[in-house]
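Below is one structure, written out as structure tokens; the observations come after it.
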Protein chains: 2
Amino acid sequence: MSQELTGRQRSILAFIHRCIREEGAPPTVREIMARFGFASPSTVSGHLQALQTKGYLRRKPHQSRGLQLVQEQVEKIFYRTEGIPVLGTVAAGKPLVAYQNIEEVLTLKKLLPERGFALRIQGESMSGAELHHGDYALVRPQPLANDGQIVVAIVNGDEGTVKRYRERRGKIILEPANPDYEPIEVAPEEVTIVGVVIGLYRRLS
Amino acid sequence: MSQELTGRQRSILAFIHRCIREEGAPPTVREIMARFGFASPSTVSGHLQALQTKGYLRRKPHQSRGLQLVQEQVEKIFYRTEGIPVLGTVAAGKPLVAYQNIEEVLTLKKLLPERGFALRIQGESMSGAELHHGDYALVRPQPLANDGQIVVAIVNGDEGTVKRYRERRGKIILEPANPDYEPIEVAPEEVTIVGVVIGLYRRLS
DNA sequence: TGACAACCCGTACATCTGTACGGTATACTC
DNA sequence: GAGTATACCGTACAGATGTACGGGTTGTCA
């Protein structure tokens, strides 16, 4: 479906991309026309048609500013602004980061959807689950958790801790992943679940 | 600047918000009109005027879909463009993500400076270093490595692999971190160092 | 009662907007 | 030389669009 873009098509795609990000809405045909110094709206129409058939764009017919970027395709081209490119393979020769070789793009949104936050891991109580001191836990805030998930929880108004969440016999067990530490067993009303750890980031080297 | 909203105004603001998120562009006056069953565009205009003077909305005069939410702009700046907030502590009560409590902000640039890329780990050859199948290795491209660093290397034109880099007796050893796998020992000229793994990202839950 | 705010209608209009049709020019390939 | 892809122009038009002006209803509060 998705094919190579010509220079003009790429530029126009970039302009649409910028408009959506900075202006909050896609441009009109004539705004694109003005931006590139075209003298006819048909010129733009042609390019949009090409971008659409190549799978980078969707158009809502007869709607003003009815342009939508097909996110997966566009991210691959503008990975620099959007996120971290994930390469399919690394081979000798050829430019490394070419968009033909990008499998996926890691964006902040994908790392942490909605309005999450990160917590730096203190101590080694979760080292059995490979959360070590200094690692970043990416936390999605939510008030409930499933059995077995790693959560950020507050017990009796203390500071939040990172533990594995278990439910047993009507009690809640906050379980460290390191046998040197003791599990905490409390009644549900003593615990506030702040969020669930959905990702891990570690700085190496 | 910003004042209380009436019920209608809040509903309309929510609708605009949804349109921007789901449709990719703000609605037109008449789309709002249709959504709420109004019979006159003036009705909408009045509400938009109110939302604007109350500071929730900006309007680009005489532009189709020329609506911008003020609030969302702010969110974008702090959460999406800037990065992931790293909290110092998590405590009960109080809003969680308040800027007084943000120790650091994880940006894409910090995760991966310059023009790096990510590689998905294949297999368990590096599991001793806690790089498991499906993890993302964040790679900073560079042609040289220090002893002990984890690198992405190409041996004899093959595909790149992730291994620990060692120098011994003029040879280069690419060492898996899992004893089930064999180290690769080659002459320096047979190896191309693509980059150094400077970070790890794992999706959990 | 009068003032006011919130809410809505109807109509009008200049301008904007997407799209269509037909045309030109250049470069490249078979 | 014919065919094709890319790139662009000019014109036209139906319908969409933001906005303006004037008027109406309901409920609240002093």
Side-chain angles (χ1 to χ4, degrees), chain A residues 1-20 23-70 73 77 99-100, chain B residues 1-20 23-70:
Chain A
M1 177 57 73
S2 81
Q3 303 162 47
E4 294 275 339
L5 293 182
T6 67
R8 260 295 193 245
Q9 286 162 11
R10 216 188 122 98
S11 302
I12 290 174
L13 199 65
F15 176 62
I16 296 170
H17 186 248
R18 197 176 61 72
C19 276
I20 292 175
E23 305 296 329
T28 66
V29 169
R30 278 168 182 85
E31 281 168 1
I32 300 176
M33 182 180 127
R35 162 64 183 78
F36 289 93
F38 297 146
S40 164
S42 296
T43 305
V44 178
S45 259
H47 288 303
L48 293 181
Q49 184 55 49
L51 283 169
Q52 188 176 22
T53 45
K54 290 187 181 180
Y56 290 85
L57 201 65
R58 260 175 295 132
R59 286 206 281 179
K60 303 184 194 169
H62 301 280
Q63 281 214 5
S64 70
R65 307 180 190 274
L67 303 176
Q68 281 185 317
L69 298 186
V70 177
Q73 297 301 327
I77 291 186
Y99 67 90
Q100 295 93 338
Chain B
M1 175 60 70
S2 79
Q3 303 163 43
E4 291 279 337
L5 294 182
T6 68
R8 261 293 194 247
Q9 287 163 10
R10 203 189 344 260
S11 301
I12 290 174
L13 199 66
F15 176 63
I16 296 170
H17 185 254
R18 198 176 61 74
C19 276
I20 292 174
E23 306 295 329
T28 65
V29 169
R30 279 169 182 82
E31 281 169 1
I32 300 175
M33 181 179 127
R35 161 64 182 78
F36 290 93
F38 297 147
S40 164
S42 295
T43 304
V44 178
S45 258
H47 288 302
L48 294 181
Q49 185 54 49
L51 283 168
Q52 188 176 21
T53 45
K54 291 189 180 179
Y56 290 86
L57 202 64
R58 260 175 295 131
R59 286 205 283 178
K60 304 184 192 168
H62 299 281
Q63 281 213 4
S64 69
R65 304 178 189 277
L67 304 175
Q68 284 185 317
L69 298 187
V70 172

Take the protein atom [atom1] of [X] and the nucleotide atom [atom2] of [N], then report the distance between them rounded to whole Å.
| X | N | atom1 | atom2 | result |
| --- | --- | --- | --- | --- |
| B/Q52 | D/dG18 | CD | P | 13 Å |
| B/H62 | C/dT17 | NE2 | C1' | 16 Å |
| B/I32 | C/dC8 | CD1 | C1' | 15 Å |
| B/R58 | D/dG18 | CZ | P | 17 Å |
| B/L67 | D/dT19 | CG | C1' | 13 Å |
| A/R65 | C/dT19 | CZ | P | 14 Å |
| B/M33 | C/dC7 | CE | C1' | 15 Å |
| B/E31 | C/dT17 | CD | C1' | 13 Å |

side-chain contact (heavy atoms from CB on, under 4.5 Å) between B/I16 and B/L48: does it pass, once the steps are laid out?
CA-CA 10 Å; B/I16 296 170; B/L48 294 181; 4.0 Å; yes
Can you tell which of C/dT19, C/dC9, D/dT17 lies closest to the side chain of B/T28?
D/dT17
Does the protein touch nucleotides 24-30 of chain C at the base, only the backbone, or not at all? Give it as B, S and - per nucleotide, heavy atoms under 4.0 Å.
-------
Decide side-chain contact (heavy atoms from CB on, under 4.5 Å) for B/L13 and B/Q9; before the verdict, give the C-alpha distance in whole Å, the side-chain angles of both, and the deciding distance to 0.1 Å.
CA-CA 6 Å; B/L13 199 66; B/Q9 287 163 10; over 6 Å; no
Contact class for B/Q49 (heavy atom, under 4.0 Å): base, sugar-phosphate, or nothing?
nothing
Would you say that B/F36 contacts B/R8 through its side chain, given a criterion of any heavy-atom pair below 4.5 Å between the two side chains?
yes
side-chain contact (heavy atoms from CB on, under 4.5 Å) test vs B/L51 passes for just one of B/L57, B/L69, B/T6, namely B/L57
Please evaluate the base of D/dG18 for a donor-acceptor partner in the side chain of B/R59 within a cut-off of under 3.5 Å?
no
Steps toward side-chain contact (heavy atoms from CB on, under 4.5 Å) verdict (B/F15, B/S11):
CA-CA 6 Å; B/F15 176 63; B/S11 301; over 6 Å; no
Can a donor-acceptor pair be found, under 3.5 Å and without considering hydrogens, that links the side chain of B/R59 to the backbone of B/G66?
no
Going by heavy atoms closer than 4.0 Å, what residues in residues 40-48 of chain A are next to DNA chain C?
A/P41, A/S42, A/S45
Taking only the side-chain nitrogens and oxygens of [X], find out if one of them lies under 4.0 Å from OP1 or OP2 of [N].
| X | N | result |
| --- | --- | --- |
| A/R30 | C/dT15 | no |
| A/Q63 | D/dG15 | no |
| A/R8 | D/dC8 | yes |

Given side-chain contact (heavy atoms from CB on, under 4.5 Å), test B/E31 with B/E23 step by step and report yes or no.
CA-CA 12 Å; B/E31 281 169 1; B/E23 306 295 329; over 6 Å; no
Return the orientation label for the B/H47 and B/F38 ring planes: parallel under 30°, perpendicular over 60°, tilted otherwise.
parallel
Compare every heavy atom of B/P41 with every heavy atom of B/V29, then report the nearest pair and how far apart it is.
CG1-O, 3.7 Å
